[in-house]
J.: 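Below you'll find the structure I mean.
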Amino acid sequence: MSACVPARADSARTKHIHPPHSPPPGGPRRFRLAGADVSAAIAVFLIALPLSLGIALATGAPLQAGLVAAAVGGIVAGRIGGCPLQVSGPAAGLTVVTADLIQRYGWRTTCAITILAGLAQLGLGCLRVARSALAVSPAIVHGMLAGIGVTIAVAQLHIVLGGTPQSSVPDNLVALPAQLANLHPADLAVSVLTLTLLLLWPRVPGRAGALLGKLPAALIAVAGATAVASLTGLLLPKVDLPSWSSHALATLPDGPVLGLLAAVLTTTLVCSVQSLLGAVAVDKLVTARPAPAGHVKRSNLDRELLGQGAANVVSGSLGGLPIAGVAVRSSANVAAGAVSRNSTMLHGVLVVIAALLMVPALELIPLASLAALVMAVGLKMVSLNHIRTVTRHREVLVYAVTTFGVVFLGVLEGVALGIAVAVGVALHRLTRTRITHDQVEGVHYVHVRGQLTFLAVPRLSRILHQVPPGADAAVELDGSFMDHAAYETLQDWQKTHTAQGGAVDITGRRPGTRISEPAEEDGCRCRPWTPWRNHQCERPPKAPPPDAHGQAATDGSTGGTLGAATGANAPGTRDTRDARDAAGAPGAPHPPHPPGASGAADGPTGHELARGISAFHRNTGPLMRRELARLAREGQQPSQLFLTCADSRVVTSMITSSGPGDLFVVRNVGNFVPLPGEESGDDSVAAAIEYAVDVLKVRSITVCGHSGCGAMQALLGAEHGGARTPLQRWLRHGLPSLERALPDLEARANEPEQEQRQEQEQEQGQEQEQGQGPQDGRSRPLLAGRRPVDAAERLCLANVVQQLEHLRAHDSVARALRAGDLELHGMYFHVGEAQSYLLSEDAEGGVFALVPTTDLTA
């Protein structure tokens, strides 16, 4: 069976309509716990248990506080939050903040600060400002996490070596030599074993590795180190869980008001930003999942902020750590196949059970093993991928300043420094404008790189006045913003230079970026891919001045005011521009319209054609000139042959996001591939196929049909007894496609439309269960798992499959297929939905899948 599947996973949404004659839905649905949620909850619980204890150890809080935060984060944030699959709990990103608060104000005041931060999050969620929190530069967030990771790793290194961490990174670095001189072999051995298991467990090869890899490495590392320490009888500091009856709860805040406000602000900022960014990341993970077991809604960031606030209020009240979304647990939840928030809540319930029933087992865990685990988590927070990303976006300075600020000053201070540097970098980019002047072949080029603001007006004016009066000039604006001061300066110089007999052409990267004469000041701001009748911004024609006989004179030129605005009427302009165009200089302005071109522009179509060419010369030509010059030198080297219909709505370069030289395109009515060696064969298509395969060495051939195809409509309604016109003779190449789809079309021709709709899903399900197609032995193409909506669409899909069979009959194609040098693809483009579908052929039939979404940033 063949199936056309969409190129985006979200295009397969089907609207289920309640059957008209069935009883209405019953009462409230029962609570159902999917098996995928159960397995995901267990996986997340096994990861959260050791990490929660380790983070509590790193902060200096009671170890029960980590378990309380994990349970509350799973149950409260999981139930109320707006990101169903995000797992919340004690996060490594909050370790430094919490440790500093405990050292300054004590544990019970820290719990009160957590409650106040939760209330602040609730207020922000009610104000619906969650989206604005994402305005923080990612470089600042990544730098903050990297600084926190470095702080965690340096502090936990002392515990790994058998010592006690200091209060700050500088103090820890100063004390490190003495700690190295006074090693504790037992602590170091347990820590090395933990790190070794943590590193090697996911890399176990073979089938055994695939089975064992389902167990989280963090659990195996801590459990393995605990077992070895217990069996060997090593004397080590271990987890000490006091009785829950002596668990410390929150009290009224005690300390300076400004300090407490800064603490609440810091906790709120870190918790909120980390949770919101985590929710966005979880959405990306869910979208990239190849075959989700159920539909998962996208995150509601305002509701997520409310859920995090409620969880922090409850956690602080019960004596737990501050809560935020945790990337490690959330990614594990998604990877385990969770389909609802039930997995997050169940993991919280499992943490409660463990905290109540597994205390003896938890107290066997060595503190050095937990410290090694948390140290590894801290090192992972310094992500090389994040560093590459900020380097590519030229934000290394922001990242570095934030990281060092967090390490040596504190989280709030480091973030404030990062924001200040980010604002400074943005202002620098806004005001940094490079203006150069060059002369090629007698034409003066003024190239402006960056944004044109009033700060750049003195330099712009100085460079523009270096252009001699009466010379040809081209001003290239390589930026996206120009304020009023720069606009007036450029316009005044253009008018003065044109009045002195010079020619000026101003081009820009944005479509429609152009400085016009006063008559054109309300000029168009065209956008690509709009119809000519809207794209050309035609204005009502002005009455021309009467001639000597009192009649209105007609203007046969195609340029109109465009020629005046670009200096096309200046004397001596054409020779200079033609010379420069021949030289292939970048940014060359377009040449004036050649003599005798007015006849082509007399009608509306000619006028639109001339304006379109002029717009290409002005906007697109300067950007494409270097690439087209390279293609002219190297020749065409397309990667695929694209055979599609001649329909004007099918724009091959747009729907495939391809550029010049990528596609070798063959278009004809109906995207037919006539069979070779027959009387009705067509040498033009066969010649193009042979040239593309044998000479150009294309690696793939795509046959693309489309919705609303006129050729398919003509095939359905035509009488095929005698072909008299060229079009009728050409449509004979579609008869095999009609025969492929005809049995099914004839069988359903007289069925009522309602019966067809009722039987559609039943037939489709039976074919999928039986794994076979129709009885005629030929595959029945389906569109994204559904039957085509009408006979024309059915015929169009069958035509794509049939033309692929015709392609295999060509000798050049058959040879390349046998050699493994060529692939054949079928494609269907739905014009009204702007959606493309790729044909997936299965020898056994009945199996088709959505094409996974591609990560364009990878």
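Computed from heavy atoms alone, side chains included, the values below leave out hydrogens, waters and symmetry copies. Note that the structure is predicted; figures quoted are calculated from it, not measured.
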J.: Working to the nearest 0.5 Å, report the span between CZ of R633 and CG of L628.
T.: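 Answer rounded to 0.5 Å: 11.0 Å.
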
J.: How would you list, by chain and number, every residue that makes a side-chain hydrogen bond (donor to acceptor under 3.5 Å, both in side chains) with Q713, sequence neighbours excluded?
T.: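 side-chain hydrogen bond (donor to acceptor under 3.5 Å, both in side chains) list for Q713, sorted by chain: empty.
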
J.: Can you measure from CE (M624) to CZ (R630) and round to the nearest 0.5 angstrom?
T.: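 The distance works out to 9.5 Å.
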
J.: Could you tell me whether the side chain of V282 reaches within less than 4.5 Å of the side chain of S299, counting heavy atoms only?
T.: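 No, their side chains stay 4.5 Å or more apart.
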
J.: Donor-acceptor pairs are to be reported for all side-chain atoms of residues 657-669 against protein atoms at under 3.5 Å, with residues two or more places apart or in another chain.
T.:
from, atom 1, to, atom 2, distance (Å)
S658, OG, T656, OG1, 2.8
D662, OD2, G659, N, 2.7
R667, NE, C645, O, 3.0
R667, NH1, V650, O, 3.1
R667, NH2, C645, O, 3.1
R667, NH2, D647, O, 2.8
R667, NH2, V650, O, 2.8
N668, OD1, N671, N, 3.0
N668, OD1, F672, N, 2.8
N668, ND2, F672, O, 3.1

J.: Any heavy-atom pair between the side chains of L824 and R808 that's under 4.5 Å?
T.: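 Yes - at least one pair of side-chain heavy atoms lies under 4.5 Å apart.
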
J.: Starting at CD of Q835, measure out to NE2 of H830 and round the result to the nearest 0.5 Å.
T.: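 Atom-to-atom, Q835:CD and H830:NE2 are 9.5 Å apart.
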
J.: To the nearest 0.5 Å, tell me how far T644 OG1 sits from I655 CD1.
T.: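 Between T644 OG1 and I655 CD1, I get 6.5 Å after rounding to 0.5 Å.
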
J.: Quick one: does V673's side chain get under 4.5 Å of L804's, heavy atoms only?
T.: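 A side-chain contact is absent here, since even the closest heavy-atom pair is not under 4.5 Å.
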
J.: Side chain of Q728, backbone of T725: donor and acceptor closer than 3.5 Å?
T.: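 Flag set: sc Q728 to bb T725 pair under 3.5 Å.
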
J.: Given the rule in the side chain to side chain contact (heavy atoms under 4.5 Å, CB included) test, do N799 and L715 qualify, once you have shown the distances and angles that lead to the verdict?
T.: CA-CA 11 Å; N799 181 58; L715 271 176; 5.7 Å; no

J.: Once salt bridge (Lys or Arg N to Asp or Glu O under 4.0 Å) is applied, what residue pairs with a partner in residues 636-645 remain, sequence neighbours excluded?
T.: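 Salt bridge (Lys or Arg N to Asp or Glu O under 4.0 Å) check on residues 636-645 returns no pairs.
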
J.: Only one of Q803, Q802, H806 passes side-chain hydrogen bond (donor to acceptor under 3.5 Å, both in side chains) with S737; say which it is.
T.: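 Answer to the side-chain hydrogen bond (donor to acceptor under 3.5 Å, both in side chains) test with S737 among Q803, Q802, H806: Q803.
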
J.: Listing request: all salt bridge (Lys or Arg N to Asp or Glu O under 4.0 Å) pairs with a residue in residues 705-715, at least two apart in sequence or in separate chains.
T.: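 Those involving residues 705-715 do not exist here.
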
J.: Ignoring hydrogens and angles, tell me if any N or O in the side chain of R649 forms a donor-acceptor pair with the backbone of G708 under 3.5 Å.
T.: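 Indeed, once roles are kept as given, a pair shorter than 3.5 Å links the two residues.
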
J.: With a 4.5 Å limit on heavy-atom distance, are the side chains of Y828 and C704 in contact?
T.: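 No, every pair of side-chain atoms sits at 4.5 Å or beyond.
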
J.: Do you know the tightest heavy-atom contact between S707 and G832?
T.: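 That closest heavy-atom pairing would be OG-N, 4.2 Å.
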
J.: Say you draw a straight line from CZ of F829 to SG of C796; how long is it, rounded to the nearest 0.5 Å?
T.: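 These two atoms lie 12.0 Å from each other.
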
J.: Between side-chain atoms of residues 692-702 and protein atoms elsewhere (two or more places apart, or another chain), which donor-acceptor pairs fall under 3.5 Å?
T.:
from, atom 1, to, atom 2, distance (Å)
D694, OD2, R815, NH2, 3.4
K697, NZ, D694, O, 3.2
T702, OG1, Q640, OE1, 3.0

J.: With rounding to the nearest 0.5 angstrom, report the CG to NZ distance, L85 to K297.
T.: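 Reported value, rounded in 0.5 Å steps: 13.0 Å.
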
J.: Would you say the side-chain atoms of R392 pair up with the backbone N or O of T389, donor to acceptor, closer than 3.5 Å?
T.: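 The answer is no, because no donor-acceptor pair under 3.5 Å joins these two groups.
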
J.: Mind checking what makes side-chain contact (heavy atoms from CB on, under 4.5 Å) contact with A809, not counting sequence neighbours?
T.: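 Testing A809 for side-chain contact (heavy atoms from CB on, under 4.5 Å), a comparison that skips the adjacent residues, returns L675, P676.
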
J.: Measure the shortest side-chain to side-chain distance between R794 and M712 over non-hydrogen atoms and say whether it is less than 4.5 angstrom.
T.: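 They are not in contact (no side-chain heavy atoms under 4.5 Å apart), so the answer is no.
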
